Amino acid sequence: MRHPPVPIAACLLLVLCPLPGMAQSIQRQEGRAYAAAGSTLLYRESHWLQGPPEAQSRLVLYRCADGRAFARKWMTPQGSPQTPDFNLEDGRDGYQEGVRGSGTARTLYTRASAAAAPVNRTLEVPPDAVVDAGFDAAVRGHWASLRDGKAVAFQFLLPSRQRLVPLKLQRTAAVTWQGQPAQQLQMKLDAWFGFAVPAVTLVYANADQRLLQFSGTGNVRDRAGRYPQVRVEFPSGPVAASAAELATARVQPLVKTCDS
């Protein structure tokens, strides 16, 4: 049976935080997801970041084109910056996926719908593992090697497949993105595992190693339950946000459809 493309985009399209220590600075960043070919706006993303890079928490609200939130993703520090805990919940049908645990043993879980039973599997996580948005920390940690054209290999925890998959990341070109000097990177499977994963193209700013654009299989499903090919853009950097704004985002109800 042919499986849909694996949403490894999840590793980039960031996450969030149950945020203790509200005295820490909070930042918000906005992204827009378009159809891979063209300018059709599919959904929006609002990201809240809190804490230092080595122990950063994130919250992401996925929003309909009109701004209503339909899914929420939480990320909390666990182990290295590359291996956070996270939980994604889609309010449209109750789908969930995530990773939790401590030490090297981590539990991957999924729930197909609000009415379905969760499916869990515990794995030993190797030192080079990456969990969800921890990929962003991996890029920054290997920035010098990537700039030199060296390939970086790592194991990515994929809850939807209940397994680790080997990925390889490598610089492909120096580019200018909306006037900003940047590096274009490509991420792809480092081996054949019996299912197809389209390559992902990433653009990171030279100045601060900030993700500017992601092109590949998204981590938000369409109406048919498939993971479409998307282009997600983050044209502006993070701005200061308030604790009250974050608290509201943490409990904002999720809509069951983006239809009017």
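Predicted, not measured: the structure shown is a model, and the values here were computed from it.
Under the 3.5 Å distance criterion, the side-chain polar atoms of Arg68 are matched with a main-chain donor or acceptor of Cys258. A donor-acceptor contact shorter than 3.5 Å links the side chain of Asp222 to the backbone of Ala224. Side-chain atoms of Thr83 come within 3.5 Å of backbone N or O of Gln78 as a donor-acceptor pair. In this structure, Arg32 contributes its side chain and Pro235 its backbone to no donor-acceptor pair below 3.5 Å. In this structure a side-chain-to-backbone donor-acceptor pair under 3.5 Å is missing from Glu30 to Ser236.
Of the residues listed (Arg210, Glu233, Gln213), the one engaging Val203 in a side chain to side chain contact (heavy atoms under 4.5 Å, CB included) is Gln213, and it is the only one.
Shown here are the salt bridge (charged side-chain N to carboxylate O under 4.0 Å, His left out) partners of Glu245, two or more places apart in sequence or in another chain: Arg28.
Residues Gln252 and Arg63 share a closest heavy-atom pair of NE2-NH1, 3.8 Å.
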Could you walk me through whether Asp85 and Arg106 pass salt bridge (Lys or Arg N to Asp or Glu O under 4.0 Å), step by step? CA-CA 9 Å; Asp85 279 359; Arg106 307 299 290 278; 2.6 Å; yes
Would you sort out whether Gln229 and Thr217 count as a side chain to side chain donor-acceptor pair (under 3.5 Å), showing the intermediate values? CA-CA 4 Å; Gln229 297 299 297; Thr217 306; 2.6 Å; yes
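Note on ring orientation: taking the six-membered ring where Trp is involved, the planes of Tyr62 and Phe70 are tilted (angle from 30° to 60°).
The stretch residues 212-256 participates, sequence neighbours left out, in no disulfide bond (SG atoms under 2.5 Å apart) pair at all.
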Give every donor-acceptor pair under 3.5 Å between a side-chain atom in residues 117-127 and any protein atom, sequence neighbours left out.
unit_1, atom_1, unit_2, atom_2, d
Arg121, NH1, Gln162, O, 2.6
Thr122, OG1, Thr107, OG1, 3.0
Glu124, OE1, Thr104, OG1, 2.7

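Within the 6.0 Å centre-distance limit, the rings of His47 and Phe234 are counted as a close aromatic pair.
Rounded to the nearest 0.5 angstrom, Asp90 CG and Glu97 CD are separated by 10.0 Å. We find the CD-CG distance between Gln183 and Asn206 to be 4.5 Å, quoted to the nearest 0.5 Å.
In terms of hydrophobic clustering, with Ile, Leu, Val, Met, Phe, Trp and Tyr side chains grouped at heavy-atom distances under 4.5 Å, Tyr204 and Val152 are assigned to a common cluster.
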